[in-house]
Student: 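Can you read through this structure? Questions will come right after.
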Amino acid sequence: MTRLPVDLPVPAPARRAWLEARSLAVLARAGMIGVEAPWTVVAALRTVRDLGAFGGAVRIALLRHGDVPIVADERGELSLGELDARIDRLAHALRARGLGEGSTIGILCRNHRQPLIAAFAGSRIGATVVWLNTAFSAPQAAEVAGREGVELLVHDRELGDVAAGVDPSHGRVACAVDDPDADELDALIATGTAGGGAPPSRPGRIVLLTSGTTGTPKGAPRPDPRGFTIPGALLDRLPMRAKEATVVGPPLYHGTGLALALLSIGLGSKVVLRRQFDAARLLDDLERHRATTAVLVPVMLQRLLALGDDALRDRDLAALRVVFCAGSKLPTAVAERAMDALGDVVYDLYGSTEVAVATLATPADLRAAPTTVGRPALGARVEVLGDDDEPVPTGRTGRVFVGTTSPFEGYTGGGGKAIVRGLLDTGDVGHFDAQGRLFIDGRSDDMIVSGGENVFPGEVEEVLVAHPDVAEATVVGVEDEEFGQRLRAYVVLTAGASATDDELRAHVRDRLARFKVPRDVVLLDELPRNPTGKVLKRELR
């Protein structure tokens, strides 16, 4: 299908209509929608009208795909029909508890069926659902829950110490995946009746939190999706098809994990969830479920590759077509090693909580230009702007701005990001090549000025990770009396490796300009990361 040029003066309504038509064609190709009986179409439209795209996602999938297995976790498997019934019963029980439109439900859970049921039920009653970070301390959880106005908290029993500081008006409900008889959410579901009650006057909404790498995570609300462009943007590049299986590694409270879980449910594909990530168990799940898609953040992919080539060769991974990475920078060496070991199946998404899907690199992109994050996704406008807010020439570095069909509403605590001509400032700097591929050169606030020279840490980190003895590396700027700042590298070596700091500096010196060579190289057992894999540079500084 011919793509609509994004630089033509096309009226906004005509562009949106074209994007929706294109997205519908993509969804049909993937098997998410098809030629349906008239009653099915009417029922699906009524579901979207009454419950919204998110709240009605499970029921629409049930209409389209039938009662297929849809969630697998430590308890076993749950079918679409069972999932829809539990959501309805919980929605009824939540209303009986005094919750409804305008209410706010917090979720503090690891990956299993219960947070999905709670989120869908919250949306069906018109509530706002806030996904909290399971790595929070008790004071952090209390602060964020208070700021977001959480009235009911659904949490894992094992996170009870973290949840203890949250005192919502409608109480706390503990999930016990390893002990169903003690699961309070199951008990609450059992009090509800089928049907769920009358639909809300408006669908609920989701609030995801920013990564919090530079401070307290902020709430970034998303309105209920209107239209099909977001799933269309993903399926336009990803060869995911209906009634398959997807193993989700990242936390559901992270945009990557939740988005791909929802996409898979829409396809009628089984979503495989584990409360804790373990690379060897991931391999077990990929093989056992004959999964076609693995969803990972880059550090998870690194841990998978660290199992060794023999461990990967010993598994039947013939069904695997997609290794979807997002959430943090995918090192070139990791992408290349993964494709050499698993085939050309790596897809790298660039986006954020605020901008959603910006670009998506395919295996062909990564083979041709290993450091790229790909071309703009369907429905996304991406521009690289100079200090005058005008586009810079191809190849020149500038600030990366993105506009999508699901615009950022501003942080729940107040504030937002700079907007130029409807495009949101990502906080990143980067450049386009002549083929229209985007490259992220670094964060604007991470740039290191050493002796008058500008250095973006990512370039140095790429070189360090390419060393055979290096498993992970990050570079920060530290104060220096002579140069203002100097580069310090923190490096984790591979098991059994013995590279010295002098060897690593020489490795960088042979490949980059002298002013980009780290003055200090510090060897660590591990880098401090948040649960989605981003390095917490503030702790290193």
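Index from 1, following the sequence.
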Student: Would L188 and L90 satisfy side chain to side chain contact (heavy atoms under 4.5 Å, CB included), going step by step from the backbone distance to the final call?
Tutor: CA-CA 7 Å; L188 183 59; L90 181 57; 3.8 Å; yes

Student: Find the distance between OG1 (T47) and CZ (R59) and round it off to the nearest 0.5 Å.
Tutor: 6.0 Å

Student: Would a 4.5 Å heavy-atom cut-off, applied to side chains only, mark V177 and R75 as touching?
Tutor: yes

Student: Could you list all the side chain to side chain donor-acceptor pair (under 3.5 Å) pairs where at least one residue sits in residues 163-174, not counting sequence neighbours?
Tutor: none

Student: Taking side chain to side chain contact (heavy atoms under 4.5 Å, CB included) as the definition, give me every residue that meets it alongside R337, ordered by chain and number, with sequence neighbours left out.
Tutor: L305, A333, V334

Student: Show the nearest heavy-atom pair for residues T293 and L286, with the distance to one decimal.
Tutor: O-CD2, 4.4 Å

Student: Please report the interatomic distance CG(L262) to CG(L234), rounded to the nearest 0.5 Å.
Tutor: 10.5 Å

Student: Return yes if some donor-acceptor pair links the side-chain N/O of N111 with the main-chain N/O of L252 below 3.5 Å, else return no.
Tutor: yes

Student: Which pairs pass salt bridge (charged side-chain N to carboxylate O under 4.0 Å, His left out) with one or both residues in residues 257-274, sequence neighbours excluded?
Tutor: E77-K270, R274-D285

Student: Would you call D50 and R124 a salt bridge, taking side-chain N to carboxylate O under 4.0 Å as the test?
Tutor: no

Student: Considering only heavy atoms from C-beta outward, does the side chain of R375 approach that of R237 to under 4.5 Å?
Tutor: yes

Student: Does the side chain of H65 reach to within under 4.5 Å of the side chain of I70, using non-hydrogen atoms?
Tutor: no

Student: Quick one: do I107 and V130 satisfy side chain to side chain contact (heavy atoms under 4.5 Å, CB included)? Show the steps, please.
Tutor: CA-CA 6 Å; I107 295 178; V130 181; over 6 Å; no

Student: Check residues 313-330 and write down every donor-acceptor pair under 3.5 Å in which the side-chain atom is one partner and the other belongs to a residue at least two apart or another chain.
Tutor:
unit_1, atom_1, unit_2, atom_2, d
R313, NH2, D310, OD1, 2.4
R315, NH1, D284, OD1, 2.7
R315, NH1, E287, OE1, 3.3
R315, NH2, D284, OD1, 2.7
D316, OD1, A318, N, 3.2
D316, OD2, R290, NH1, 3.2
R321, NE, P239, O, 3.1
R321, NH1, E244, OE2, 3.2
R321, NH2, P239, O, 2.7
R321, NH2, E244, OE1, 3.0
R321, NH2, E244, OE2, 2.7
K329, NZ, E462, OE2, 3.1

Student: Specify the closest pair of heavy atoms between G31 and A242, including all atoms of both residues, with the distance to one decimal.
Tutor: O-CB, 3.6 Å

Student: For T210 and E354, run side-chain hydrogen bond (donor to acceptor under 3.5 Å, both in side chains): C-alpha distance rounded to whole Å, both residues' side-chain angles, the deciding distance at 0.1 Å, then the answer.
Tutor: CA-CA 8 Å; T210 60; E354 294 88 350; 5.3 Å; no

Student: Decide side chain to side chain contact (heavy atoms under 4.5 Å, CB included) for E148 and V207; before the verdict, give the C-alpha distance in whole Å, the side-chain angles of both, and the deciding distance to 0.1 Å.
Tutor: CA-CA 9 Å; E148 301 297 329; V207 175; 4.0 Å; yes

Student: Under the 3.5 angstrom rule, does the side chain of R113 hit a backbone N or O of G76 as a donor-acceptor pair?
Tutor: yes

Student: Do we see a donor-acceptor contact under 3.5 Å between the side chains of Y350 and D428?
Tutor: yes

Student: A side-chain contact here means heavy atoms from C-beta on lying under 4.5 Å apart; do N530 and L536 qualify?
Tutor: yes

Student: Give a yes-or-no answer on whether the side chains of S79 and D67 include a donor-acceptor pair shorter than 3.5 Å.
Tutor: yes

Student: So V166 and P168, do their side chains get closer than 4.5 Å, heavy atoms only?
Tutor: yes

Student: Going by heavy atoms in the side chains, are L378 and S23 under 4.5 Å from each other?
Tutor: yes

Student: Taking R381 for the side chain and A358 for the main chain, is one N or O donor matched with an acceptor at less than 3.5 Å?
Tutor: no

Student: Working to the nearest 0.5 Å, report the span between CZ of R89 and OG1 of T191.
Tutor: 9.5 Å

Student: Would you sort out whether D156 and H112 count as a side-chain hydrogen bond (donor to acceptor under 3.5 Å, both in side chains), showing the intermediate values?
Tutor: CA-CA 10 Å; D156 284 344; H112 50 88; 2.7 Å; yes

Student: Under 3.5 Å, is there a donor-acceptor pair linking the side chains of T229 and E20?
Tutor: yes

Student: Compare every heavy atom of M240 with every heavy atom of T246, then report the nearest pair and how far apart it is.
Tutor: OG1-CE, 3.9 Å

Student: Compare all side-chain heavy atoms of V154 with those of C175 and state whether any distance is below 4.5 angstrom.
Tutor: yes

Student: For the residue pair S269 and S264, confirm or rule out a side-chain donor-acceptor distance under 3.5 Å.
Tutor: no

Student: Heavy atoms only: give me the nearest L51-P199 pair and the separation to one decimal.
Tutor: CD2-CB, 4.4 Å

Student: Give, for atom CD1 of I60 and atom CG of D84, the distance between the pair rounded to the nearest 0.5 Å.
Tutor: 10.5 Å

Student: For R157, what residues pass the side chain to side chain contact (heavy atoms under 4.5 Å, CB included) criterion, not counting sequence neighbours?
Tutor: A174, A176, D178, D179, A182

Student: Show, in sequence, the C-alpha distance, side-chain angles and deciding distance for R437 and D348, and conclude whether the salt bridge (charged side-chain N to carboxylate O under 4.0 Å, His left out) test is met.
Tutor: CA-CA 12 Å; R437 293 182 290 242; D348 185 27; over 6 Å; no

Student: Could you please spell out the steps behind the side chain to side chain contact (heavy atoms under 4.5 Å, CB included) verdict for L159 and R110?
Tutor: CA-CA 9 Å; L159 298 174; R110 297 194 168 103; 3.7 Å; yes

Student: Are side-chain N/O atoms of Q114 and D186 paired as donor and acceptor at under 3.5 Å?
Tutor: yes

Student: Do L349 and T359 have side chains that get closer than 4.5 Å, going by heavy atoms?
Tutor: no

Student: Strictly distance-based, threshold 3.5 Å: is any side-chain N or O of D365 a donor or acceptor partner for the main-chain N or O of T362?
Tutor: yes

Student: So D236 and R22, salt bridge (charged side-chain N to carboxylate O under 4.0 Å, His left out) or not? Walk me through it.
Tutor: CA-CA 9 Å; D236 187 44; R22 168 71 183 177; 2.5 Å; yes

Student: Between R95 (side chain only) and A198 (backbone N and O only), is there a donor and an acceptor less than 3.5 Å apart?
Tutor: yes

Student: One pair to check against side-chain hydrogen bond (donor to acceptor under 3.5 Å, both in side chains): S201 and E101. What are the steps and the verdict?
Tutor: CA-CA 8 Å; S201 62; E101 292 183 49; 2.4 Å; yes

Student: What is the minimum heavy-atom distance between C109 and T134, and which atoms define it?
Tutor: O-CG2, 3.2 Å

Student: Hey, could you give me the CG/CD distance between L273 and E74, rounded to the nearest 0.5 Å?
Tutor: 8.5 Å

Student: Taking all non-hydrogen atoms of both residues into account, name the closest pair between A91 and A121 and its distance.
Tutor: N-CB, 3.8 Å

Student: Can you pull the ring pair (Phe, Tyr, Trp, His ring centres under 6.0 Å) pairs that have at least one residue in residues 116-138, sequence neighbours excluded?
Tutor: F54-F120

Student: Out of curiosity, L238 CG to L360 CG, how far, rounded to the nearest 0.5 Å?
Tutor: 5.5 Å

